[in-house]
2 protein chains.
Amino acid sequence: MPRLAGSSKLLRAMNESAALAHLLEPGMLTRADLRRLTELSTPTISEVLRRLTDAGLVTVVGYNSGRPGPNAEIYAADPDAAYAAAVSVRDIGPSGAPSVVAALCDLTGAVRARIENPVDFLHTDPRTALVDVVAELSGAAGVPADRVHHVQLGVPGSYDSGTATIRHVDVPGLNRPGLVPEIAAALGTRVGVDNDVNLAAVAERRRGVAREVDGFALLWLGQEGLGLAIDIAGTLIRGARGGAGEIGYMPLYSPDSTHRKVDLQDLFGGAAILALGRDHGITGGTPYEIVAAAAAAPDASGEFFTHLADRIAVGLAAVIAVLDPSLVVLAGPVAQAGGQTLLTAVKGALRRAAPLESTIAVTTIDDDAVLLGALDAGLTAVREALIASIRDNQA
Amino acid sequence: MPRLAGSSKLLRAMNESAALAHLLEPGMLTRADLRRLTELSTPTISEVLRRLTDAGLVTVVGYNSGRPGPNAEIYAADPDAAYAAAVSVRDIGPSGAPSVVAALCDLTGAVRARIENPVDFLHTDPRTALVDVVAELSGAAGVPADRVHHVQLGVPGSYDSGTATIRHVDVPGLNRPGLVPEIAAALGTRVGVDNDVNLAAVAERRRGVAREVDGFALLWLGQEGLGLAIDIAGTLIRGARGGAGEIGYMPLYSPDSTHRKVDLQDLFGGAAILALGRDHGITGGTPYEIVAAAAAAPDASGEFFTHLADRIAVGLAAVIAVLDPSLVVLAGPVAQAGGQTLLTAVKGALRRAAPLESTIAVTTIDDDAVLLGALDAGLTAVREALIASIRDNQA
DNA sequence: GGATTGATTAATCAACTTAACTGACCTAGC
DNA sequence: GCTAGGTCAGTTAAGTTGATTAATCAATCC
């Protein structure tokens, strides 16, 4: 643990960083608020604010009134000081074909533009597709491209940050080594990449059901595959090569080796749900449609949910035994379709299967969780870069 | 993230903390070394060292020579500035009966005393047993009791730090609520409690095979039960109620529900290993003896190890799928007995079972890993308390 | 004896704090 | 309805703390 040491310059940098960090939290602050939060004296706060406004990071957004004395100035981070972009690549978009969904937000998190393009990755290089969509975003938002400080990518696969390559992905070309650095170079911004399930977990922590919890596991039940995100005290566990949570391939124990090897994907992946629906006479072309149809007629489909929940509980029991999370969130299209019906079924199945008790919940995010999570991740990256940049500018 | 802000006093506290932190790392440092490490100026380093020596935390341990100029003073943390004690409670000690193993070390980590007492917990309250053993330790080491700043307990169960209670433990009386605060009050020191497997992982990171790794999972194969410790970048994952890694009760999937519920403990817990040994005609009263006997005759016991490894691989595959650790360490008496023979068998079984590849290794700690890990954990607690105390003393 | 290095001393600088001061705004009292 | 007093926002000035640079002294090797 390298502890900081330094001179008065470090002190100033720390104080400015602290003030900026508070101002970047949603909400507007007066000098008195900052004084209370940072425990700095009035003149220092004034000096810090003068420098931050000079740097264009902070602006006066209003005045207090109704109390004796002069009206206190209300400060907030300038929304237009920097922007973050998010791009979610999916092999099966809402239309069934591969697509790219993207959004751009300002420093307060307000979405300024949002677009969705079907992309034929067989004939389009991911690099140009992604660079183009970011350019289109900043155009649509009317924002200078160089103010976009961070682009966050969400991919349906795992990302190995050590080698900067995307793996376990079905989108053609996306696993090419060197792709991410190329994109970063072409865009001229910092580029972050993460698993789409991980980003959904980020959204769940920021605006979903996992807001106040100290750690949680998110089980993603997708149209195709399934995944797991692990949040420990707000930080995501990604594993040695970004492979943490790739539980689809988790092999299951078979007592007599005559059984063929079965993994979790075979139990409640997309294809398994399709088959399970067929067995119970529920019609639907996609897992989402099947589960939604079943949830619409809960009386007729009780057995379907019991079977599905039993299978989900097999995976969850392993996760709970390893991690003991204080909350387990069911998310992804299938979980959204299943809603409360699926939730109660899974709760019952887990009570039968797992010895440790865990709170289970369904996601409360209606919108595109992956995209929102990517925006959140990009935004925190931008904010931390701003806070860190103050330190370096001083030195 | 609450960022620090403050005045010059904070700066001094930070600089002193940084210097002390460097001096607490093993190794002796000259003023020039500290200057390089902290990037502080010579007069500041002198002032910091003067204050630290005045506080009795740091002493001159020697002088440089052989180079031009005056002989530089060599500083190091005073070994006798504080001590840490470690107590490992086990329901089956080396003699077969419940026992308490304890050790005391100085600030450099040198062991000053080590004792082992069989304790009949049916007739002895854990509180008095533990308080007595700490008193005995400081007596044996010839150390004033009030210099023992931290006592680290290792228990064969999980510890819920939220409610300060030990759970999932077989030792009578150890799960009594309020026990830990009582012990802390009676001793007058800070008391830390952790799962014995977690402490073994601490030892593995500090002095074992996991020294340089960025994260690892440790599978403990004990005489009775089994456990898992998860280290992510040097911090242990304990879960919501301290139950992370309690994989003994992890239920296994059974395709036809006619099978009775099977968990990992049934696969390769102590009783399962005894049964497996019987099936293969290997004699021995304890799991350790069986595996040791098998390892002594590797040619005759190939099938035994294959079967055992296949079972272990079932559990490990789940752990690897969830966490993707860069290293998996096999530890505990059974793993030590199995040694390289067991290791190669597990490697082969995992290659067949798990899709993600992980490096596997056997522990390299010959001594009592739990006790050593408890000492390490206690020592870091003492060091961090010292570093933190500087900040508070200034204010 | 010269070069080099360890450590202290002196002078300067940077940044925060306390305290005094200015000015705006509300409220109460006539 | 006007004015005096009180309160609070923010600035200015003086003082304090602590770190840096530069100069000095002293010890050791070659």
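In what follows, chains carry the letters A, B, and so on, assigned in the order in which the sequence lines appear, proteins first and then strands, with residues in each chain numbered from 1.
- Atom-to-atom, CD of B:Glu39 to C1' of D:dT21 comes out at 17 Å; the value is rounded to the nearest Å.
- OP1 or OP2 of C:dC16 sits under 4.0 Å from a side-chain N or O of A:Arg12.
- A donor atom on one side chain and an acceptor atom on the other are not found under 3.5 Å apart for A:Arg238 and A:Tyr159.
- Minimum atom distance to the side chain of A:Ser8 is reached by C:dA14, of the listed C:dA14, D:dA13, D:dT17.
- B:Glu73 has its CD atom 12 Å from the C1' atom of C:dT8, to the nearest Å.
- For C:dA15, neither phosphate oxygen OP1 nor OP2 lies less than 4.0 angstrom from any side-chain nitrogen or oxygen of A:Thr44.
- Contact annotation for B:Asn15: backbone-only contact, meaning every heavy-atom pair under 4.0 Å involves sugar-phosphate atoms and none involves a base.
- Straight-line distance from the CG atom of B:Leu40 to the P atom of C:dA7: 16 Å, rounded to whole Å.
- Rounded to whole Å, atom P of C:dA24 lies 17 Å from atom CG of A:Asn64.
- Residue B:Arg12 holds its CZ atom at 8.0 Å from OG1 of B:Thr44, rounded to the nearest 0.5 Å.
- Looking at the side chain of A:Ser41, the nearest of the listed nucleotides C:dT18, D:dA26, D:dG18 is C:dT18.
- Contact annotation for B:Glu47: no contact, since no heavy-atom pair falls under 4.0 Å across all strands.
- Listed nucleotides: C:dT18, D:dT20, C:dA14. Nearest to the side chain of A:Pro43: C:dT18.
- At a cut-off of 3.5 Å, with distance as the only test, no side-chain donor of B:Thr42 or B:Arg31 sits close to an acceptor on the other residue.
- No salt bridge links A:Arg147 with A:Asp106; every basic N to acidic carboxylate O contact stays at or beyond 4.0 Å.
- Taking 4.0 angstrom as the limit, A:Arg67 places none of its side-chain polar atoms (N or O) nearer than this to OP1 or OP2 of D:dT7.
- With rounding to whole Å, A:Ile74 atom CD1 is found 11 Å from D:dA9 atom P.
- For A:Tyr63 and C:dC26, the OH to C1' distance is 19 Å, given to the nearest whole Å.
- Computed from coordinates, the A:Arg50 CZ to C:dC16 P distance equals 12 Å when rounded to whole Å.
- Listed nucleotides: D:dG10, D:dC8, C:dA14. Nearest to the side chain of A:Pro70: D:dC8.
- Taking atom NZ of B:Lys9 as the reference point, atom P of D:dG15 lies 18 Å away to the nearest angstrom.
- Without hydrogens or angle criteria, B:Arg205 side chain to B:Val213 main chain gives a donor-acceptor distance under 3.5 Å.
- Comparing C:dA7, C:dC16, D:dG10 by their nearest atom to the side chain of A:Leu11 picks out C:dC16.
- Looking at heavy-atom distances under 4.0 Å, B:Asn71 makes contact with sugar-phosphate atoms alone, never a base.
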- Apply side chain to side chain contact (heavy atoms under 4.5 Å, CB included) to the pair A:Asn15 and A:Leu11, showing each step before the final yes or no. CA-CA 6 Å; A:Asn15 288 342; A:Leu11 201 57; 4.2 Å; yes
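- In this structure, B:Arg31 reaches the C:dT8 phosphate: one of its side-chain N or O atoms is under 4.0 Å from OP1 or OP2.
- Within the nucleic acid shown, B:Ser7 comes within 4.0 Å of sugar-phosphate atoms alone, with no base atom in reach, counting heavy atoms only.
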